[in-house]
Amino acid sequence: MSFDRHLAEIAREFPDWTIWRSDAGRWWATRHHLLTERERDAGCAMTIDADDPEGLRERLLEQQERITSIDRET
């Protein structure tokens, strides 16, 4: 799959994040909103990176699960 296609798929799946690939070839995502103290305490990150699109998707899913677990507590 092409770089552009991976980028578009991940961006559609995670609309609250900006997704890009660096010149060095790493895949990155950064949130569109600032984290609350509670989100930071739960291990949420503003920006994450991975070696490849599959790794980035996994890290994004982990971040999504952290937010979901916070929502379940309230």
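Bear in mind that the values here come from a model prediction, so they are computed numbers and not experimental data.
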Candidate pair Glu62 and Arg66, rule salt bridge (Lys or Arg N to Asp or Glu O under 4.0 Å), full reasoning: CA-CA 6 Å; Glu62 290 169 5; Arg66 290 176 190 273; 5.5 Å; no
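- Atom-to-atom distance recorded for Asp4:CG and Glu9:CD is 11.5 Å, nearest 0.5 angstrom.
- Across Gly55 and Ala50, no two heavy atoms sit closer than the pair C-CB, 3.5 Å.
- In this structure, Glu54 has no salt bridge (charged side-chain N to carboxylate O under 4.0 Å, His left out) partners at least two apart in sequence or on a different chain.
- Contact check for His32 versus Thr18: side-chain heavy atoms found under the 4.5 Å cut-off.
- Two residues are said to be in side-chain contact when any heavy atoms from C-beta on lie closer than 4.5 Å; Leu56 and Trp28 fail this criterion.
- Taking both residues in full, the closest heavy atoms of Ala29 and Leu60 are given as CB-CD2, 3.8 Å, listed atom of the first, atom of the second, then distance.
- Here CG of Leu34 is found 10.0 Å from CD of Glu39. Values are rounded to the nearest 0.5 Å.
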Name each donor-acceptor pair under 3.5 Å that joins a side chain in residues 40-48 to protein atoms two or more places apart or in another chain, with its distance.
from, atom 1, to, atom 2, distance (Å)
Arg40, NH1, Leu35, O, 2.9
Thr47, OG1, Thr30, OG1, 2.8

Step-by-step side chain to side chain contact (heavy atoms under 4.5 Å, CB included) determination, Arg38 to Ile70: CA-CA 8 Å; Arg38 191 166 186 197; Ile70 294 168; 3.9 Å; yes
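- For the salt bridge (charged side-chain N to carboxylate O under 4.0 Å, His left out) test, residues two or more places apart in sequence or in another chain that qualify with Glu13 are Arg57.
- Listed by chain and residue number, Arg72 satisfy the side-chain hydrogen bond (donor to acceptor under 3.5 Å, both in side chains) test with Glu65 (two or more places apart in sequence, or in another chain).
- With sequence neighbours left out, Asp49 forms a salt bridge (charged side-chain N to carboxylate O under 4.0 Å, His left out) with Arg26, Arg59.
- The line from CD1 of Ile10 to CH2 of Trp27 is 5.5 Å long, rounded to the nearest 0.5 Å.
- Shown here are the side-chain hydrogen bond (donor to acceptor under 3.5 Å, both in side chains) partners of His33, two or more places apart in sequence or in another chain: there are none.
- You'll find the side chain of Phe14 reaches within 4.5 Å of the side chain of Leu61, heavy atoms only.
- Closest non-hydrogen pair, Pro15 versus Arg12, comes out as CD-O, 3.7 Å.
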